[in-house]
Amino acid sequence: MTTPADQKAQDIARAQSIPSYLDPQHLGPYGIFLEQVERVTPYLGKLAYWVETLKRPKRILVVDVPIHLDDGSVAHFEGYRVQHNTSRGPAKGGVRFHQDVTLSEVMALSAWMTVKNAAVNLPYGGGKGGIRVDPRTLSNSELERLTRRYTSEISIIIGPDKDIPAPDVNTNPQIMAWMMDTYSMNVGRTATGVVTGKPISLGGSLGRGDATGRGVFVTGAEAMRQAGVDMQGARVAVQGFGNVGNAAARIFTSHGAKVVAIQDVTATVYSEAGIDPVAALDHLRAHGTLAGLPGAQEIAKGDFWSVPCDVMIPAALENQITVDTAPKITAKVIVEGANGPTTPAADDLLREKGVLVVPDVLANAGGVTVSYFEWVQDFSSFFWTEEEINNRLDRIMREAYLSLADVAERHKVTLRTAAYIVACTRVLESRALRGLYP
Ligand code: NAD
């Protein structure tokens with residue numbers, strides 16, 4: 001059995017190996033984004049002239065992040081910040097700490113942020129960052145040193161009006177607080193607007209914690225209406241039980257749906273009668289695993305895809321719905337809480353099966369929308385009530401869904417292609433108007 005110390009030694013050894021971005025054989029997730037751009041190009045008319053600017057990230061920063069470990073040794077981690085596009089405003093997008101982070105993944109995630117921000121019409125470009133590390137193997141003080149050194153390294157390109165990071169997988173309000181403090185120390189003043197997803201007491205916004213899950217719910221509910229699925233008693237399967245999956249499960253349940261399956265990195269649990277997401281989170285916190293959750297049976301990881309359900313919410317990582325898993329899915333509606341959970345080939349398969357997919361760039365845009373509210377509140381130092389925030393969020397998400405559904409209907413395309421048509425048109429219109437410098 002691998003002990004935590006062994007695991008940590010292995011991770012650190014791996015982090016010292018050749019940087020992933022030097023591997024030319026492996027285009028990785030960014031290849032998926034390029035395929036999505038190819039698909040939308042025929043719909044761009046004259047703006048297709050500028051489409052190459054979407055294929056190339058504007059700026060890529062790869063940083064070495066050396067830290068002292070608690071045992072006195074020094075470990076080096078590989079960190080990234082990618083600004084995919086800034087035609088419509090400052091770059092905006094989260095920071096991921098995960099052992100499988102690669103440059104290609106961060107490039108893809110930053111590009112999806114460009115599309116997402118434009119699809120819901122936020123005045124931002126797209127950015128994303130990450131460190132190749134399993135944060136669970138670090139002590140709290142190692143994690144703080146890692147976050148601070150990474151922030152310091154990328155501080156040459158981030159800033160409240162340049163590029164605004166936020167939480168993503170394995171990063172949270174505490175990490176945002178360290179990032180804000182480090183940046184502030186570097187520039188000599190408190191700059192709360194440099195990151196979003198901060199604790200409320202440091203200029204965070206009410207409603208940010210649940211915002212992504214709430215947006216998943218609002219767009220999911222519209223899709224269910226369109227697909228003729230009744231919310232009352234609807235069976236929902238959720239993959240990923242973190243910030244997004246947990247909030248989505250809770251909000252769907254509070255509106256009368258029934259969470260029948262949850263999968264996270266620890267286990268997959270199923271109950272035909274329904275799982276209480278609050279009890280599931282309590283169990284996860286108490287036992288460190290979903291396994292053994294009272295009233296639910298543990299099933300094999302691969303069986304998650306075939307559980308009988310009406311709505312499926314992938315809210316973990318990329319490349320989960322593939323040509324292998326898609327044929328097993330029984331849901332009529334898929335709401336992509338995660339970024340990039342469906343491969344293009346699986347997307348085609350789902351379309352043939354008549355499954356309505358709410359794409360990531362729309363479904364999970366609730367997080368960045370409330371991040372936008374947080375940034376606006378920080379600039380004006382005037383804070384809104386949770387009710388105001390939720391009402392504005394619901395309205396933006398619902399209107400975005402309805403207008404994209406309209407475009408999809410008009411062009412007879414999927415919601416994903418519709419989102420790309422609208423977003424890429426907005427980005428390239430800005431590009432064309434701004435022209436090339438010099
Ligand atoms: P998180 O770290 O809070 O949770 C991730 C969850 O995924 C955990 O429950 C983990 O156990 C599970 N998971 C990880 N690997 C898995 C695997 N191989 N199989 C099954 N489950 C696995 O992260 P999050 O913030 O909830 O983000 C989840 C997804 O949503 C990511 O794709 C992220 O980019 C996207 N997203 C997040 C936000 C946000 O506001 N946090 C906004 C938009 C999109």
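In this text the structure is predicted, and so the values were computed from the model without any measurement. Just so it is clear, the values below take in all heavy atoms, side chains as well, and ignore hydrogens, waters and symmetry mates. Whatever order the structure lists ligands and atoms in, that order sets their numbers, starting from 1.
- Looking from atom 2 (O) of ligand 1 to the surrounding protein, the closest heavy atom is Asn170 N, 3.1 Å.
- Here the heavy atom of the protein found nearest to atom 3 (O) of ligand 1 is Asn243 N, 2.9 Å.
- If you look at Ala166 next to ligand 1, there are no close heavy atoms at all, none under 4.0 Å.
- Near Ala338, meaning under 4.0 Å from one of its heavy atoms, ligand 1 places the atoms 29 (C), 30 (O), 32 (O), 35 (C).
- A donor atom on one side chain and an acceptor atom on the other are not found under 3.5 Å apart for Tyr270 and Glu298.
- When the heavy atoms of Lys116, Gln320, Lys301 are ranked by distance to atom 19 (N) of ligand 1, first place goes to Lys301.
- Residues Tyr124 and Thr86 fail the side-chain proximity criterion, which asks for heavy atoms closer than 4.5 Å.
- In this structure, the protein non-hydrogen atom closest to atom 15 (N) of ligand 1 is Leu317 CD1, 3.5 Å.
- Checking only distances, Phe241 does come within under 3.5 Å of ligand 1, N or O to N or O.
- Within the structure, ligand 1 has Arg96 among the residues with a heavy atom less than 4.0 angstrom away.
- Nearest-residue assignment for atom 20 (C) of ligand 1 (options Asp264, Thr196, Val244; heavy-atom criterion): Asp264.
- Classified by interplanar angle (parallel below 30°, tilted 30° to 60°, perpendicular above 60°), the ring pair Phe379/Trp375 is perpendicular.
- What sits closest to atom 12 (C) of ligand 1 on the protein, heavy atoms only, is Gly240 CA, 3.9 Å.
- The protein atom (non-hydrogen) at minimum distance from atom 34 (O) of ligand 1 is Asp168 OD1, 2.6 Å.
- Atoms of ligand 1 found under 4.0 Å from any heavy atom of Asn364 (numbered from 1 in listed order, with element): 43 (C), 44 (C).
- Heavy atoms of Arg208 come nearer than 4.0 angstrom to ligand 1 in at least one pair.
- For ligand 1, the polar-atom distance check finds an N/O of Asn339 within less than 3.5 Å of one of the ligand's N/O atoms.
- Looking at ligand 1, you won't find any N or O of Leu109 less than 3.5 Å from one of its N or O atoms.
- For the residues Gly337, Ala316, Ala363, Pro341, the heavy atom positioned nearest atom 29 (C) of ligand 1 is part of Ala316.
- Between Gly242 and ligand 1, at least one N/O pair is under 3.5 Å apart.
- Of all protein heavy atoms, the one closest to atom 40 (O) of ligand 1 is Thr212 OG1, 2.7 Å.
- Among all protein heavy atoms, the one lying closest to atom 11 (O) of ligand 1 is Val265 N, 3.0 Å.
- Applying the 6.0 Å contact sphere to CD of Gln7 captures more than 12 heavy atoms from other residues, nucleotides or ligands.
- Taking the six-membered ring where the residue is Trp, Phe33 and His84 present perpendicular rings, their angle passing 60° and hence far from 30°.
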